[in-house]
Protein chains: 2
Amino acid sequence: MIDFVAKYWETLPDRQALSDCKPGFIWDLVPKEPPKSPESWDKIFADIEKVVLENNTHWHHPHFFAYFATACSYPSIMGDILSGGIASIGFSWKSSPSMTELEMACVDWVAQSIGLPNLFLNSDEGPGGGMIQSTASDATYVAILSARARAVAEVLKTKPTEYAVDEEDPIITFENHDASVIAKLVAYCSDQVHSSVDKGIMLAGVKMRKLKSVVGGPLNNYFVEPARLEAAIKEDRSRGFIPFIYVATVGTTNTCGVEMLRPIGEICNRENMWLHVDSAYAGSFALCPEYRYLIDGVELADSFNFNPHKAMQINFDCSPMWFKDIKEATCYFNVDAEYLKHEHQAVAADYRHLQIALGRRFRSLKIWFVFRALGIEYIQGTLRERVKLGDEFAELIEKDDDFELFVPAHVGLVCFRHKSDNETNDKLVAVINNDHRIHIVPGKVHGTLFLRLAICSLSTTSKDIHYAYKVIKECLSKVLQAKNNVV
Amino acid sequence: MIDFVAKYWETLPDRQALSDCKPGFIWDLVPKEPPKSPESWDKIFADIEKVVLENNTHWHHPHFFAYFATACSYPSIMGDILSGGIASIGFSWKSSPSMTELEMACVDWVAQSIGLPNLFLNSDEGPGGGMIQSTASDATYVAILSARARAVAEVLKTKPTEYAVDEEDPIITFENHDASVIAKLVAYCSDQVHSSVDKGIMLAGVKMRKLKSVVGGPLNNYFVEPARLEAAIKEDRSRGFIPFIYVATVGTTNTCGVEMLRPIGEICNRENMWLHVDSAYAGSFALCPEYRYLIDGVELADSFNFNPHKAMQINFDCSPMWFKDIKEATCYFNVDAEYLKHEHQAVAADYRHLQIALGRRFRSLKIWFVFRALGIEYIQGTLRERVKLGDEFAELIEKDDDFELFVPAHVGLVCFRHKSDNETNDKLVAVINNDHRIHIVPGKVHGTLFLRLAICSLSTTSKDIHYAYKVIKECLSKVLQAKNNVV
């Protein structure tokens with residue numbers, strides 16, 4: 001299988017980034033009945049090409065420029081093999097001590113390497129600490145639920161979750177999660193947040209107030225003016241609502257915009273609101289000192305998260321999350337059962353309390369192997385290369401009379417559009433994606449549609465950037481020709 | 001790494017199931033500073049033994065009898081290698097068509113192999129369908145949130161989630177998740193449910209009513225009498241509450257008790273309540289026709305879930321979940337962003353809507369490989385072996401004058417206790433786990449403490465069962481001796 005994967009990578013440039021398959025193709029390829037008797041691996045391997053590879057979107061193809069990067073590296077796969085091979089489940093310290101403790105050490109490594117303040121380290125004296133979530137969506141949701149519980153607890157002056165009762169068939173209201181108080185809570189964020197923030201706020205049952213972003217600042221990109229947040233909080237308090245969290249984004253999906261953590265954080269701290277920082281994509285770049293401006297002011301946050309599984313060579317799923325007070329968050333999720341108790345639970349970390357799932361994989365092995373086998377300096381090099389390639393594409397766009405940058409290129413994301421209307425740009429996206437030679441996705445901010453080209457694959461080179469530019473120009477010709485024909 | 005894992009398995013019996021390590025051991029073993037430059041694999045491999053293996057709880061050790069089984073198999077690891085090697089992210093059909101579609105086909109295979117009615121199949125005409133969650137906790141939580149949204153929608157007569165608004169900085173109440181209605185909802189379950197049900201209900205912000213189970217029925221085990229549920233619903237409606245879900249357990253963690261799905265389902269259907277069936281552990285056994293009684297009446301459920309990653313040879317994380325109406329559930333979670341839209345979304349499945357996370361791994365490869373490389377008949381054989389070994393241990397207990405079965409052994413779980421008081425049994429558990437030769441965990445039902453011996457490892461044989469019995473007897477002697485010394 002390792003050889004098969006190696007061959008896949010060698011032949012990847014010969015494939016198409018996007019497949020030509022249509023929904024429902026599987027029913028012609030896989031028998032309806034499951035196999036009673038074993039089949040040979042030769043037969044199985046033959047099907048992998050036909051079923052899996054031919055009908056996939058190849059995220060590591062040099063011409064894949066959609067969404068954001070997702071990581072893949074040899075040492076990371078080694079980590080997953082070991083995780084699967086040991087096959088321990090780490091819901092409590094006792095159920096897998098090395099899984100819990102190596103996670104503590106590895107998220108400390110990651111924190112230090114991106115310059116997070118010591119107060120977020122597990123090895124630090126204070127109440128701060130980190131662990132690994134599966135995805136940034138999970139981290140955002142856990143932050144919202146923790147903040148929600150803290151806010152409810154403050155209103156109701158409750159004690160930690162406690163619901164053991166002696167009477168039979170009791171109706172239990174979990175005080176820290178009381179919906180009658182939840183109904184008054186308002187979560188704030190920029191109108192540029194990722195869909196997972198909308199989803200997390202929605203599923204938490206709280207109100208959402210999305211603040212309109214403006215373009216400007218040192219990056220000439222989209223961010224929320226702190227005064228706008230301050231005014232909204234004031235207005236909502238006067239309406240009887242309770243502001244309880246601000247979810248700040250460092251590196252938005254649309255345009256890689258960055259929020260001003262320091263003034264936003266000062267407001268949150270003053271207003272007794274949780275500040276969660278979602279830096280899913282851009283966070284990795286803080287590994288390079290020259291991009292530390294991304295997380296300036298992060299010490300004011302209650303929780304911070306980013307995805308090394310995007311730009312930092314560590315395979316999905318690896319989304320470390322740090323808390324200013326990890327024990328506080330834990331107490332809002334804790335529902336302990338007899339079979340999960342153990343003698344060390346007062347002193348050891350039980351990470352099940354900080355996630356929805358009980359079980360967990362040995363995710364830290366991926367960090368441990370990648371950091372050791374590659375070294376930080378090498379990873380810094382790949383990050384700088386992403387930025388360079390993005391800037392190179394941006395230069396082609398700037399020199400082109402047909403196109404304009406929508407915002408300046410930022411850490412490997414280039415947002416651009418044809419200098420005309422949404423309709424033309426919409427058609428251009430459609431023609432590019434039907435063409436299937438490269439894959440990009442559009443973005444939309446305040447009604448304006450644009451194209452996003454993200455440097456995703458580590459095998460993307462300057463040549464591929466020029467190829468993408470050529471394909472886009474060809475597709476544009478088709479769009480403009482069709483337009484002229486109609487006229 | 002494959003060789004390393006193979007050697008781990010060969011030498012596993014020479015290790016101890018439980019490690020002697022203490023919380024905080026990692027700080028002596030892993031440098032505080034992350035590595036700037038690459039290290040050699042020789043150095044890394046040398047540390048795996050010292051850091052990971054020596055300090056782990058070995059779930060596949062033949063003397064590990066705690067919690068429930070977790071799966072590990074060669075073809076499953078091959079699936080994970082391929083998933084990691086391709087490294088696609090499948091949040092929408094378009095982002096990885098083969099990931100989405102092979103998942104559709106593989107959960108159909110699993111459904112058919114355990115005898116789920118056709119209405120749950122993706123390939124069936126109707127609105128039913130399945131997908132793979134990470135864990136049973138996730139499935140339970142998604143079921144609770146779906147049921148919650150359905151109940152709120154019925155009260156408020158809302159349309160599908162819709163929140164696009166034109167005004168600036170609007171306050172948005174997600175109608176289907178309106179906390180002022182959520183505050184009136186009551187979720188029901190047995191007092192024997194897994195902690196993940198408590199947690200899911202708590203985080204959903206609804207009230208919980210745990211119904212007292214009774215011992216009896218064909219299995220002489222714990223279940224909730226349907227009349228008790230009916231009475232509770234009536235009482236709560238008269239109080240102005242809205243009953244909205246019953247979470248039924250097929251194979252409880254404490255004693256592997258099974259709820260009566262048919263009469264419970266009839267009540268839920270009549271009362272317009274969602275029925276979710278959590279069969280995390282026991283569900284796998286329905287692969288054998290003689291255990292199909294476990295899911296009798298499942299056609300009355302709105303959602304059903306079990307973990308092939310427990311007893312069915314497929315590595316964690318693989319927790320398929322089926323819905324009677326998968327599109328209905330989807331619409332309660334959908335918050336669509338521009339960059340996630342694609343031309344096939346009206347007809348193709350986008351599984352991100354049925355989970356908290358956006359990203360997903362290629363989990364179906366594990367099912368595909370395990371079912372094909374091993375075949376169903378082989379897996380049935382391993383399940384029957386688990387039952388046989390459990391029954392063999394139960395026989396030893398039954399013949400022993402010191403011990404008694406707490407309930408009859410059921411599909412590989414044996415619940416037993418010393419014929420005395422909780423204190424003695426509690427001490428016995430402590431002595432066994434400090435001894436470190438075998439690992440078991442206790443359970444508690446209605447105040448009575450007992451020991452749980454679960455057949456976990458596939459390398460456990462009759463010899464290991466007798467060894468466990470011997471160790472337990474030795475530990476009991478110590479406990480009784482200490483007791484006599486005190487007297």
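Chain identifiers are assigned alphabetically (A, B, ...) following the order of the sequence lines, protein sequences preceding nucleic acid strands; residue numbering begins at 1 within each chain. Given the structure is predicted, the values throughout are model-derived calculations rather than measurements.
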> Between B:E377 and A:K36, does any NZ, NE, NH1 or NH2 come within less than 4.0 Å of an OD or OE carboxylate oxygen?
no
> When only pairs under 4.5 Å are counted, which of B:D80, B:I2, B:L145 shares the most heavy-atom pairs with chain A?
B:L145
> Measuring heavy-atom distances to chain B, does A:I48 have an atom under 4.5 Å in its side chain, in its backbone, in both, or in neither?
both
> How many angstroms lie between atom NE2 of B:H309 and atom OG1 of B:T70, to the nearest 0.5 angstrom?
6.0 Å
> Flag the pair A:E101 and B:K22 as a salt bridge only when some basic side-chain nitrogen lies within less than 4.0 angstrom of an acidic carboxylate oxygen.
no
> Which atoms of A:N56 come close to chain B, meaning under 4.5 Å heavy atom to heavy atom: side chain ones, backbone ones, both, or neither?
both
> At a 4.5 Å cut-off on heavy atoms, which part of A:V181 comes close to chain B: side chain, backbone, both, or neither?
neither
> Pick one of side chain, backbone, both or neither for B:S96, based on which atoms fall under 4.5 Å of a heavy atom in chain A.
both
> Examine whether an atom of A:Q112 lies under 4.5 Å from a heavy atom of chain B, and if so say whether it belongs to the side chain, the backbone or both; otherwise answer neither.
side chain
> A:F371 versus chain B, heavy atoms under 4.5 Å apart: side chain, backbone, both or neither?
both
> Tell me, please, which residues at least two apart from A:S319 pass side-chain hydrogen bond (donor to acceptor under 3.5 Å, both in side chains).
A:N305, A:N307
> Residues in salt bridge (charged side-chain N to carboxylate O under 4.0 Å, His left out) with B:K32, at least two apart?
none
> With only heavy atoms counted, which part of A:D236 is less than 4.5 Å from chain B, the side chain, the backbone, both or neither?
side chain
> Under a 4.5 Å heavy-atom cut-off, does chain B meet the side chain of A:A71, its backbone, both or neither?
backbone
> Below 4.5 Å from any heavy atom of chain B, which atoms of A:A232 appear? Answer side chain, backbone, both or neither.
neither
